[in-house]
Colleague: 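Following this message is one structure expressed as structure tokens.
All figures in this text were calculated on a predicted structure; none of them were measured in a lab.
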Amino acid sequence: MKKSTLIRLSLFISFSFFTFTPYACSTASTDTSDTQLSAAHPDGKHIDVIAHRGASGYAPEHTLAAYKKALEMKADYIELDLHMTKDGELVAIHDATLARTTNVEQVYPNRAPWRVKDFTLAEIKRLDAGSWFNKKFPQYASKQYGKEKIPTLQEVIDWLTQSKSKTALYIETKDPNVYSGMEEKLVGILKKNGYLQKGKVIFQSFSETSLRKLKGLVPPNIPLIQLYSASTLRNKPIDHILRHVSSYADGISPEQTIVTRKLVTKAHQYHLVIHPYTVNTTEEMRRQIALGVDGLFTDYPDRLVKMNKKTR
């Protein structure tokens with residue numbers, strides 16, 4: 001064989017290797033893509049930053065202090081979990097009881113199990129909603145937190161309006177089967193305050209019934225998000241579930257440990273956005289972003305905001 005022929009053959013082999021090896025790697029990585037970290041979204045788009053109970057990694061959850069920090073950190077949304085008081089006021093608190101995040105056991109020692117629905121707003125306003133945080137997270141403690149109260153939905157809207165911020169609300173109806181008329185009350189308050197419009201609010205719930213009720217009460221362009229725990233999706237027929245949810249909602253919010261590239265792809269095929277919860281470390285954020293999610297719930301919104309800036 002001539003020397004020139006050998007050189008051409010060698011170049012062909014080398015070119016073929018470098019041309020086709022990336023394809024082979026990407027094929028092989030299909031099974032391991034869920035574990036490979038990248039700060040870049042596959043489509044290079046902005047990831048919605050949803051401040052979980054406010055910037056609750058830095059301040060007591062569901063207090064104006066936590067919401068203020070979320071604004072300072074440039075979160076796109078502030079999440080509100082809503083329960084209803086005995087006298088029908090909507091208040092921002094995650095748990096159905098007051099025990100974990102207030103001093104209710106000291107103020108009302110004989111009223112166990114201290115359910116939100118068993119207390120009037122005036123009684124709840126007597127409680128300290130921040131000192132527990134100072135004890136649990138001394139590195140972020142502040143004397144001001146001891147003065148924090150559980151806010152009403154109206155108080156949050158008033159504060160947000162006064163701040164002139166474009167940050168929107170991401171509202172969850174908690175235990176809607178317990179609170180008769182919750183959805184109507186919620187929609188009424190938002191409508192009165194000019195918040196029942198696209199870009200100002202998103203609704204979410206674990207309750208399909210609540211979301212379907214909201215679907216009949218709000219404008220069609222306001223997103224509705226179905227929440228899922230890990231157990232409700234793991235080893236379940238994803239196609240069937242997503243097809244069903246797409247009939248009444250605009251997205252899903254699954255617990256982050258069950259999010260895979262397949263789930264994200266399938267959700268998008270049904271025109272559903274996907275907002276996993278609760279994603280706090282930069283490693284977790286990178287993983288979720290690499291899978292192609294549209295937004296993330298996080299206690300540390302500044303971390304995700306910083307990551308968004310890096311990928312622009």
Colleague: Could you list the donor-acceptor pairs under 3.5 angstrom formed by side chains in residues 186-195, with sequence neighbours left out?
Modeller:
{"unit_1": "N193", "atom_1": "OD1", "unit_2": "Q154", "atom_2": "NE2", "d": "3.0"}
{"unit_1": "N193", "atom_1": "ND2", "unit_2": "Q154", "atom_2": "OE1", "d": "3.0"}
{"unit_1": "N193", "atom_1": "ND2", "unit_2": "I189", "atom_2": "O", "d": "2.7"}

Colleague: Going by the side chain to side chain donor-acceptor pair (under 3.5 Å) test, which pairs reach into residues 67-91, not counting sequence neighbours?
Modeller: H46-D76, H62-Y67, H62-D81, E79-Q204, H83-Y179, T85-D87
Colleague: By salt bridge (Lys or Arg N to Asp or Glu O under 4.0 Å), which residues pair with K266, not counting sequence neighbours?
Modeller: D239
Colleague: Under a 4.5 Å cut-off applied to non-hydrogen side-chain atoms, are L169 and F203 in contact?
Modeller: no
Colleague: So which pairs with a foot in residues 131-156 pass ring pair (Phe, Tyr, Trp, His ring centres under 6.0 Å), sequence neighbours left out?
Modeller: Y58-Y140, F133-F137, F133-Y145
Colleague: Determine whether more than 12 heavy atoms belonging to other residues, nucleotides or ligands lie under 6.0 Å from atom NZ of K236.
Modeller: yes
Colleague: Would you mind listing every salt bridge (charged side-chain N to carboxylate O under 4.0 Å, His left out) that reaches into residues 221-230, with sequence neighbours excluded?
Modeller: none
Colleague: Enumerate the residue pairs fulfilling salt bridge (charged side-chain N to carboxylate O under 4.0 Å, His left out) with a member in residues 95-110, sequence neighbours excluded, ordered by first and then second residue.
Modeller: E61-R100, D95-R100
Colleague: Using residues 112-121 as the side-chain source, report each donor-acceptor pair under 3.5 Å to any protein atom, sequence neighbours left out, with the distance given to one decimal.
Modeller:
{"unit_1": "W114", "atom_1": "NE1", "unit_2": "Y108", "atom_2": "O", "d": "2.7"}
{"unit_1": "T120", "atom_1": "OG1", "unit_2": "E123", "atom_2": "N", "d": "3.2"}
{"unit_1": "T120", "atom_1": "OG1", "unit_2": "E123", "atom_2": "OE1", "d": "3.4"}

Colleague: Is the closest side-chain heavy-atom distance between L196 and P219 below 4.5 Å?
Modeller: yes
Colleague: Restricting to side chain to side chain contact (heavy atoms under 4.5 Å, CB included), what partner residues turn up for H240, sequence neighbours left out?
Modeller: P237, R243
Colleague: For residues 217-228, which residue pairs pass the side chain to side chain donor-acceptor pair (under 3.5 Å) check, not counting sequence neighbours?
Modeller: Q226-Y248
Colleague: Output yes when E255 and R234 qualify as a salt bridge under the 4.0 Å nitrogen-oxygen rule, no when they do not.
Modeller: no
Colleague: Verify the cluster assignment for W159 and I93: are they in a single hydrophobic cluster under the rule of side-chain heavy atoms below 4.5 Å apart?
Modeller: yes
Colleague: So Y277 and S229, do their side chains get closer than 4.5 Å, heavy atoms only?
Modeller: yes
Colleague: State, yes or no, whether a side-chain contact exists between S165 and L160 at a heavy-atom distance under 4.5 Å.
Modeller: yes
Colleague: Got a sec, which residues hit salt bridge (Lys or Arg N to Asp or Glu O under 4.0 Å) with E172, two or more places apart in sequence or on another chain?
Modeller: K174
Colleague: Tell me if the centroids of the rings in F297 and Y170 come within less than 6.0 Å of each other.
Modeller: yes
Colleague: Does any non-hydrogen side-chain atom of H94 lie less than 4.5 Å from one of T101?
Modeller: no
Colleague: List the residues meeting ring-ring contact (aromatic ring centres under 6.0 Å, His included) with H52, not counting sequence neighbours, and say none if there are none.
Modeller: none
Colleague: If we only count heavy atoms from C-beta on, is the N177 to T209 side-chain gap below 4.5 Å?
Modeller: no
Colleague: Kindly state each residue pair satisfying salt bridge (charged side-chain N to carboxylate O under 4.0 Å, His left out) with at least one member in residues 206-230, sequence neighbours excluded.
Modeller: E183-K213, E208-R212
Colleague: Find out whether D299 and R53 are in side-chain contact, i.e. whether some heavy atom of one side chain is under 4.5 Å from a heavy atom of the other.
Modeller: no
